[in-house]
Amino acid sequence: MSLATFCRFALFALLTLGGLAPLAGAQDSPSEPIDADSAFEDGESALGGNLREFESWIVLEEEIVPDPPLLRVELGFLGVIESRSRIRVDRGTLRGTRLDNLEVNQGLESGAMGPWLTFSLGGKIRGGGDFFQFKRGGTYRRQVEEVIFDGVRLAGPDDLLRANFSFLSLSAFVEWDVLYGRKYRIGFLGGLRYFRLQVELEGVLLRPTPQEVKRKVLGELLSPTFGGLIELTPFPHLTVFSQAQFMNWSWESVGLEDARYFEMRIGARLNMIPEFLSLSLEYRFMIVNATPTLGGTGRRVEGALTINGLVVSIGLSF
């Protein structure tokens, strides 16, 4: 028995004895005759009154919380407003040129748009996944220094170079709603995330005669991630939310000296049909950074990507 339950029953006993106390005092008085029927009725009335008062106090109005939807699905588009990409590719003993800003120096488009999907299945403990992808093209930019990429000289001073970029992210996660109510949801996330970055550089060597040179590299990363989420629903038709995931992993067994990932999402959801159909708008910030180990004589890819973007999506719950 909990302490609160014990206290309530103790108070009930006190109220009951308090209602019967006048009857006990009447029985102890030798100067007045006692009417048994009247005493019984008075006791019953006092006890009933105490019970009604006790019930009105002890019965608390509890929030009726519906079960979480079995399936949540959100489908939309990620619009990249601003991005910055960095890459360096070594081949054997030939060290590649560190390209710190492909958008400014190699003509890569800063903005892009791509599909985004997330889903989860279960109750307060759920399993799910997400997916998003985008591609960016570029225009030729005149270079101010020599560019070595994957063991090949793609451009020299005053030569032309442009970049193309493709990015894919997939994840599988488990979500645990530690606190869940009609107006709030607080939970933890954990899972695995896969990244796939593909960069293609196209150079035009102008001297002695114009010559085109292309080189394409692919980088992949698989790592555990952790995070949390908060959702607040102050009104039935409005939900605000925030979610963060991160990874800081040194994974030498797969050739990585250092790898970092951080993603933050802040947004609002318009519940057009509460607990069934919604429309969301969110801001997303993401950074991915991977550095290879220094040993070995093969290809080593070092890269980083930073994204600021907006996601517009439609959600369904069943």
Side-chain angles (χ1 to χ4, degrees), residues 1-8 59-76 78 116-132 169-195 222-249 251 259-288 309-318:
M1 179 182 295
S2 66
L3 180 60
T5 305
F6 174 78
C7 292
R8 290 180 178 178
V59 177
L60 302 178
E61 183 180 355
E62 296 183 356
E63 179 187 20
I64 301 176
V65 181
D67 293 331
L70 178 63
L71 176 65
R72 291 193 187 106
V73 180
E74 288 186 75
L75 174 64
L78 168 66
W116 177 77
L117 169 70
T118 184
F119 68 93
S120 63
L121 181 68
K124 293 184 178 181
I125 299 179
R126 315 173 63 84
D130 65 40
F131 156 87
F132 68 91
S169 174
L170 296 170
S171 80
F173 61 83
V174 175
E175 175 185 315
W176 175 32
D177 293 337
V178 181
L179 297 175
Y180 182 85
R182 184 178 294 276
K183 296 185 177 181
Y184 60 87
R185 183 163 73 99
I186 301 176
F188 295 116
L189 297 169
L192 287 173
R193 184 168 290 276
Y194 166 78
F195 300 97
L222 176 66
S223 182
T225 59
F226 308 93
L229 62 90
I230 297 176
E231 287 189 2
L232 301 176
T233 307
F235 311 104
H237 292 281
L238 178 65
T239 298
V240 293
F241 59 88
S242 176
Q243 179 176 317
Q245 296 185 54
F246 67 93
M247 173 266 294
N248 191 346
W249 194 260
W251 208 346
R260 296 185 183 93
Y261 161 71
F262 175 76
E263 181 183 31
M264 180 183 67
R265 298 166 52 188
I266 300 175
R269 183 179 299 122
L270 178 62
N271 303 313
M272 295 179 289
I273 303 177
E275 301 179 7
F276 178 70
L277 179 64
S278 64
L279 178 64
S280 300
L281 176 65
E282 68 180 71
Y283 164 76
R284 178 173 295 184
F285 171 78
M286 184 185 69
I287 181 169
V288 183
L310 294 176
V311 176
V312 178
S313 62
I314 294 178
L316 294 174
S317 301
F318 302 96

Taking side chain to side chain donor-acceptor pair (under 3.5 Å) as the test, write out the residues that go with Y283, two or more places apart.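 Y283: side chain to side chain donor-acceptor pair (under 3.5 Å) contacts with N308.
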
Qualifying residues under side-chain contact (heavy atoms from CB on, under 4.5 Å), relative to [X], sequence neighbours excluded:
X	result
T118	E74, W116, D130, F173
L277	M272, I273, I314, L316
L71	V73, L121, F318
P68	R72, K124, R126, Y180

Evaluate the side-chain proximity of S169 to R193: yes if any heavy-atom separation is below 4.5 Å, no if none is.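 Side-chain contact under 4.5 Å: yes.
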
So do W176 and V178 actually touch side chain to side chain, heavy atoms under 4.5 Å?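 Of all side-chain heavy-atom pairs linking W176 with V178, at least one is under 4.5 Å.
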
Pairwise distance [atom1]([X]) to [atom2]([Y]) - rounded to 0.5 angstrom:
X	Y	atom1	atom2	value
S120	E175	OG	CD	5.5 Å
Y194	L222	OH	CG	8.5 Å
S278	L270	OG	CG	8.0 Å
Q245	F226	CD	CZ	11.0 Å
F132	M286	CZ	CE	4.0 Å
S313	L279	OG	CG	7.0 Å

For R284, enumerate each residue passing the salt bridge (charged side-chain N to carboxylate O under 4.0 Å, His left out) test, keeping only those at least two apart in sequence or located in another chain.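 Checked R284 against salt bridge (charged side-chain N to carboxylate O under 4.0 Å, His left out); matches are E263, E282.
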
Quick one, R265 with V311, criterion side-chain contact (heavy atoms from CB on, under 4.5 Å). Give me CA distance, side-chain angles, the key distance, then yes/no. CA-CA 9 Å; R265 298 166 52 188; V311 176; over 6 Å; no

Counting only heavy atoms not in F188, do more than 12 fall under 6.0 Å of its CZ?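 At most 12 heavy atoms, drawn from other residues, nucleotides or ligands, come within 6.0 Å of this atom.
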
Show me the side-chain donor-acceptor pairs of residues 228-241 shorter than 3.5 Å, one per line, residues at least two apart or across chains.
| from | atom 1 | to | atom 2 | distance (Å) |
| --- | --- | --- | --- | --- |
| E231 | OE1 | R185 | NE | 3.4 |
| E231 | OE2 | R185 | NH2 | 2.7 |
| T233 | OG1 | T239 | OG1 | 3.0 |
| H237 | ND1 | N271 | O | 2.7 |
| T239 | OG1 | N271 | ND2 | 3.0 |

